[in-house]
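One structure is given here, and the rest of the page talks about it.
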Amino acid sequence: STGMPPHLALGTNKVISTFGTLSASITFIRKGWFKPRFWWSATLGTFVGALSGTVLIYLVQAELLKKLLPLAIMLAAVYLIWPRRGAANVPSLPTSVRIGSRPQWLAGIGIGFYDGFIGPGTGAFWMAVALKAFRQDLVSAAGTARFMNFISNVTAMLTFMALGSVYYPMGLLMGGLLMVGAFIGAHSAIRYGSPFIRPVFISVVLSMAGWLLIKHWSSG
């Protein structure tokens, strides 16, 4: 909307996003809802994927992916809308995580690559994977999503900075404001749990998907 060239807009957006996900990640870690020591494979996979995606975006047009993006985001929302059995929605502080390195690597590389390549909806994909594949409750899944999103954001941000594709005045200003919002949002998620996270998450991803459908499909 500012008229920035695409690569400059993407790089500046990564600066902004890094501030927000850092603030939220610290909150979830300090409150005990995310334990980084159990997630080395996902962290390294996300780094590799995000670095590859960020470099590749300079070489490849992403119009097809932009058209598929809103459909993928809607699938993530539908998963949360679908009724779930068991006590997974009753949050309890995680004491250990028994998730093999292979699924962590696959999720990290795949979603990390997507975040480095395009980005919007990354949190929705991590939430869906954390709930479906990792069997976490909504609060723990939110912590996983925020931390992994931070890893891919900071990786992409540093790559864009090295390539000279960041407008720092806007990135730092909006990043600082986003950090405040993320701090409030993370504390709200931890305090109110699933009853708060589910409607907010569904509303946001459906609104995002609808807007992207109009933007990338209405013009043909």
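The analysis underlying the following values was restricted to heavy atoms, covering all of them including side chains, and did not include hydrogens, waters or symmetry mates. Just so it is clear, the structure is predicted and the values come from calculations on it, not from any experiment.
When hydrophobic clusters are built by joining Ile, Leu, Val, Met, Phe, Trp and Tyr residues whose side-chain heavy atoms come closer than 4.5 Å, directly or via intermediates, Ile190 is grouped together with Ile26. Linking Ile, Leu, Val, Met, Phe, Trp and Tyr whenever their side-chain heavy atoms come within less than 4.5 Å leaves Leu177 and Ile16 in two separate clusters. Both Trp126 and Phe38 are part of a single hydrophobic cluster, where members link through side-chain heavy atoms under 4.5 Å apart. Met179 and Phe183 fall into different hydrophobic clusters, defined by Ile, Leu, Val, Met, Phe, Trp and Tyr side-chain heavy atoms under 4.5 Å apart, directly or through other members. Follow the hydrophobic side-chain contacts under 4.5 Å out from Val200 and you reach Leu138 in the same cluster.
To the nearest 0.5 angstrom, Leu178 atom CG is 10.0 Å from Thr18 atom OG1. Considering CG of Leu158 and CZ of Phe47, their distance stands at 8.5 Å, rounded to 0.5 Å. With values rounded to the nearest 0.5 angstrom, Met157 atom CE is found 11.5 Å from Thr12 atom OG1. For the atom pair Asn13 CG and Met170 CE, the distance stands at 11.0 Å (nearest 0.5 Å). Separation of atoms CD1 (Ile184) and OG1 (Thr27) is listed at 10.5 Å; rounding is to 0.5 Å. A distance of 10.5 Å separates OG of Ser41 from CG of Leu106, quoted to the nearest 0.5 Å.
Checked against a 6.0 Å centroid threshold, the rings of Tyr114 and Phe125 count as neighbours.
Smallest separation of non-hydrogen atoms from Ala182 and Gly20: CB-O, 3.0 Å. Heavy atoms only, all atoms of each residue included: Thr54 and Ala156 are closest at OG1-CB, 3.3 Å. Between Asn149 and Gly123 the shortest heavy-atom distance is OD1-N, 4.0 Å. Of all heavy-atom pairs spanning Thr46 and Met148, the tightest one is CG2-O, 3.5 Å. The minimum heavy-atom distance linking Arg146 with Ser25 is given by the pair O-OG, 3.1 Å. Nearest heavy-atom pair across Thr144 and Gln136 is OG1-OE1, 2.9 Å.
Of the possible polar contacts, none joining the Gln104 side chain to the Thr43 backbone as a donor-acceptor pair under 3.5 Å is found. With Ser165 contributing its side chain and Met161 its backbone, the two residues share no donor-acceptor pair below 3.5 Å. Between the side chain of Ser23 and the backbone N or O of Phe19, no donor-acceptor pair lies under 3.5 Å.
When each of Phe150, Phe134, Phe147 is paired with Trp39, the ring pair (Phe, Tyr, Trp, His ring centres under 6.0 Å) condition holds for Phe134 and for no other.
For the pair Pro169/Leu173, no side-chain contact is recorded, criterion being any heavy-atom separation below 4.5 Å from C-beta on.
Legend: side chain to side chain donor-acceptor pair (under 3.5 Å) pairs involving residues 150-162, not counting sequence neighbours, sorted by first then second residue: Lys14-Asn153, Thr21-Asn153, Asp115-Ser152.
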- [ ] Start with the C-alpha gap between Leu44 and Trp105, add the side-chain angles, then the distance that decides, and say whether side-chain contact (heavy atoms from CB on, under 4.5 Å) holds.
- [x] CA-CA 8 Å; Leu44 293 174; Trp105 269 104; 3.9 Å; yes
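Taking the six-membered ring where tryptophan is involved, the planes of Phe117 and Phe113 are essentially parallel, since the angle between them stays under 30° and well short of 60°.
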